[in-house]
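Along the sequence shown, the residues carry numbers beginning at 1. Because only heavy atoms are used, hydrogens play no part in the values below, and waters and symmetry mates are left out as well, while side chains stay in. A quick note: this is a predicted structure, and the numbers were derived from the prediction, not measured.
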Amino acid sequence: MESLWEEASCSICLDYFIDPVTIDCGHNFCRSCITRAWEGLDTNFPCPKCRETSQQRKLRPNWELRNLIERVKKMSERKGEETLCQKHEEKLKLFCTEDWKAICLICKEGKEHRSHSVVPIEEAVQDYKCETAIKREKILSEFEELHQFLNEEQQIHLSRLEEEEKKIVKKIRDNVSQLEEQSSSLQKLISEIEEKCQQPAVELLKDAKATLSRCQAVEFPKPEAAPVGEGKCSHLSFLRQYFVLKDVLAKHQGKLSAELADVTLDPETANPWLVLSEDGKSVRQGDTRQNLPDSPQRFDTYVNVLGREGFTSGRHYWEVEVGDKTDWILGVCKDSVSRKGKFTLTPENGFWAVILRDGEYKACTSLWSQLPLSVRPRAVGILLDYQAGKVSFYDADEKSHLFTFTHTFTEKLRPYFYPGLNTGGKNAGALRIRPVPAWE
């Protein structure tokens, strides 16, 4: 009966369907309920249950569901009649403690229950509730102990991971410092050799032994993943190692530079209520609406703004400070998204974003997925990998992953910002695009 009741109930009014209709996505609602939900909309009609939108208002009568509701109502009426004894049609007032069965007064005098112990049914219900409450408390206590144990185990493992991460980061930084010092020494030595090669033969051979000895004395770091040899190297080996090392460093630095996007805000797309900084790096909601031209590029309903930059390939990373703000949305969107009227933030509508609202963090998937975060991010990192079809979000300070969208991109994508409404002065702070050091 409970399952049937759920099938026969409208998810808006939570009661039996009245004049049930089906919309494009397949979900059913009372005709009056869905009509009120769509009141004032001319296009992009969202389903209140799955958020899928349709371009036209289509309501198809569901006759099969209407017949189902009639049957469910009749079954509910019959269920009320089941409280009477099926054999004697008398009210069930007693409970047989041996057969665990509700019986009537006539059943008690019959041969089947005459010698059995019986109690009033109200007393049996109270005893059952009491026993159930005791078992419930025991289960809750055991569950709480298990939950506490798992939390302690989680903290132990997280602490170990954090220590390992610190050791790895320190090792990387030490290696970078060592490489920088080695690179400086190598550059000086190479310049000296190049100058000597331009000198006459007599001058070239002068002090040649000392120069070669310095070359042979150079020791190279030996990374575990890619060893460069044991001990000291000869003059020719030194030159070969130097140029290989220089080439590797140049390629690595080029990759890092390509991933760090210098994002700035595009004032042509900003809602008139938004205030942008002069350098185009921060945005907040202002106190008054600005008198700006209503171009096709400008958002007119939601306080949104896009980044100037558009991406059609490559990997791009940027970070945004959110601080103590209570309401914000960050991500990327298609350059072709609608800037006018209302819309829903989903990948189907060209948005890949995460949101903070009412104290909850969510990924704006088709049905919006909640993100169970243990630490409140104060800065969010966004990584767009166009070819791989991924948009990833990170806690930029904790260096932890929040969520990743996967999609096949075919259009230009732009950074998306929503600083949220400044309700009662609680969300007055700005979203600020912050610089990211290349070595990070």
Side-chain angles (χ1 to χ4, degrees), residues 1-96 99-104 107 121-122 124-126 128-129 131-133 135-136 139 341-349 351 355 357-358 360 362-370 372:
M1 283 298 299
E2 183 177 354
S3 176
L4 283 174
W5 187 86
E6 291 179 357
E7 292 292 333
S9 299
C10 173
S11 61
I12 297 178
C13 66
L14 304 179
D15 204 345
Y16 285 130
F17 285 108
I18 299 177
D19 190 11
V21 293
T22 306
I23 63 177
D24 283 350
C25 65
H27 288 118
N28 302 293
F29 304 95
C30 300
R31 182 184 293 274
S32 60
C33 290
I34 191 63
T35 300
R36 286 196 300 270
W38 286 352
E39 187 175 356
L41 299 181
D42 297 324
T43 184
N44 290 335
F45 300 96
C47 172
K49 197 167 185 178
C50 70
R51 309 306 300 173
E52 181 178 328
T53 59
S54 57
Q55 298 302 314
Q56 297 181 351
R57 186 196 300 260
K58 293 183 180 179
L59 304 177
R60 298 188 298 276
N62 193 327
W63 303 110
E64 293 82 0
L65 184 56
R66 178 177 292 183
N67 294 334
L68 173 64
I69 294 168
E70 294 300 324
R71 291 198 297 271
V72 170
K73 288 181 178 179
K74 290 180 181 178
M75 290 176 65
S76 298
E77 294 172 358
R78 288 200 299 270
K79 186 177 180 181
E81 298 173 357
E82 290 176 359
T83 57
L84 298 179
C85 176
Q86 294 182 353
K87 186 175 181 180
H88 303 109
E89 295 186 355
E90 292 288 332
K91 194 169 183 179
L92 299 171
K93 294 185 175 181
L94 303 175
F95 183 78
C96 178
D99 292 338
W100 276 73
K101 181 179 179 181
I103 61 176
C104 68
C107 289
I121 198 165
E122 293 82 2
V125 169
Q126 292 300 321
Y128 175 75
K129 287 183 177 180
E131 183 178 354
T132 302
K135 291 182 178 179
R136 178 178 179 275
I139 292 173
K342 297 181 179 180
F343 48 80
T344 305
L345 295 180
T346 61
E348 290 80 6
N349 291 337
F351 294 88
I355 180 174
R357 181 163 297 167
D358 299 327
E360 294 184 342
K362 295 182 180 181
C364 299
T365 56
S366 298
L367 297 178
W368 284 24
S369 306
Q370 187 162 355

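In this structure, F343 and F351 have parallel ring planes: the angle between them is below the 30° cut-off, well short of the 60° mark.
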Residue pair L345, I355: steps toward the side-chain contact (heavy atoms from CB on, under 4.5 Å) verdict | CA-CA 10 Å; L345 295 180; I355 180 174; 5.6 Å; no
Take I23 and L59 through the side-chain contact (heavy atoms from CB on, under 4.5 Å) test and state the conclusion after the steps.
-> CA-CA 5 Å; I23 63 177; L59 304 177; 3.8 Å; yes
Under the side-chain contact (heavy atoms from CB on, under 4.5 Å) criterion, do E348 and S366 qualify, and how do the steps go?
-> CA-CA 7 Å; E348 290 80 6; S366 298; 2.4 Å; yes
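Here C85 contributes atom SG and I103 contributes atom CD1; the two are 8.5 Å apart, rounded to the nearest 0.5 Å. Atom-to-atom distance recorded for E52:CD and K49:NZ is 13.5 Å, nearest 0.5 angstrom. For the atom pair C104 SG and I121 CD1, the distance stands at 11.0 Å (nearest 0.5 Å). Rounding to the nearest 0.5 angstrom, the gap separating the CG atom in D19 from the SG atom in C10 is 11.5 Å. Distance check: I12 CD1 to H27 NE2 gives 11.5 Å after rounding to the nearest 0.5 Å. A distance of 10.0 Å separates CD of Q55 from CG of D24, quoted to the nearest 0.5 Å.
Side-chain contact between C107 and H88 is present, with heavy atoms from C-beta onward closer than 4.5 Å. Contact annotation: the side chain of C30 approaches that of C13 to within less than 4.5 Å [non-hydrogen atoms, C-beta and beyond].
For E39, the CD atom counts as loosely surrounded, since its 6.0 Å shell holds 12 or fewer non-hydrogen atoms of other residues, nucleotides or ligands. Within a 6.0 Å sphere centred on CD1 of I18, heavy atoms belonging to other residues, nucleotides or ligands number 12 at most.
The minimum heavy-atom distance linking T346 with T365 is given by the pair CG2-O, 3.7 Å. N349 approaches T53 most closely through the heavy-atom pair OD1-OG1, 4.2 Å.
Of the residues N67, N62, L68, the one that meets the side-chain contact (heavy atoms from CB on, under 4.5 Å) test with E64 is N62.
Side chain of R31 to main chain of P61: no donor-acceptor pair is present (N/O by atom type, distance under 3.5 Å, no hydrogens or angles). In this structure, the side chain of W38 engages the main chain of P46 through a donor-acceptor pair within 3.5 Å.
For F29 and F17, the ring centers sit 6.0 Å or farther from each other.
In this view, S54 satisfies the side-chain hydrogen bond (donor to acceptor under 3.5 Å, both in side chains) rule with no residue, not counting sequence neighbours.
The pair K342-D42 does not count as a salt bridge, with every side-chain nitrogen at least 4.0 angstrom from each carboxylate oxygen.
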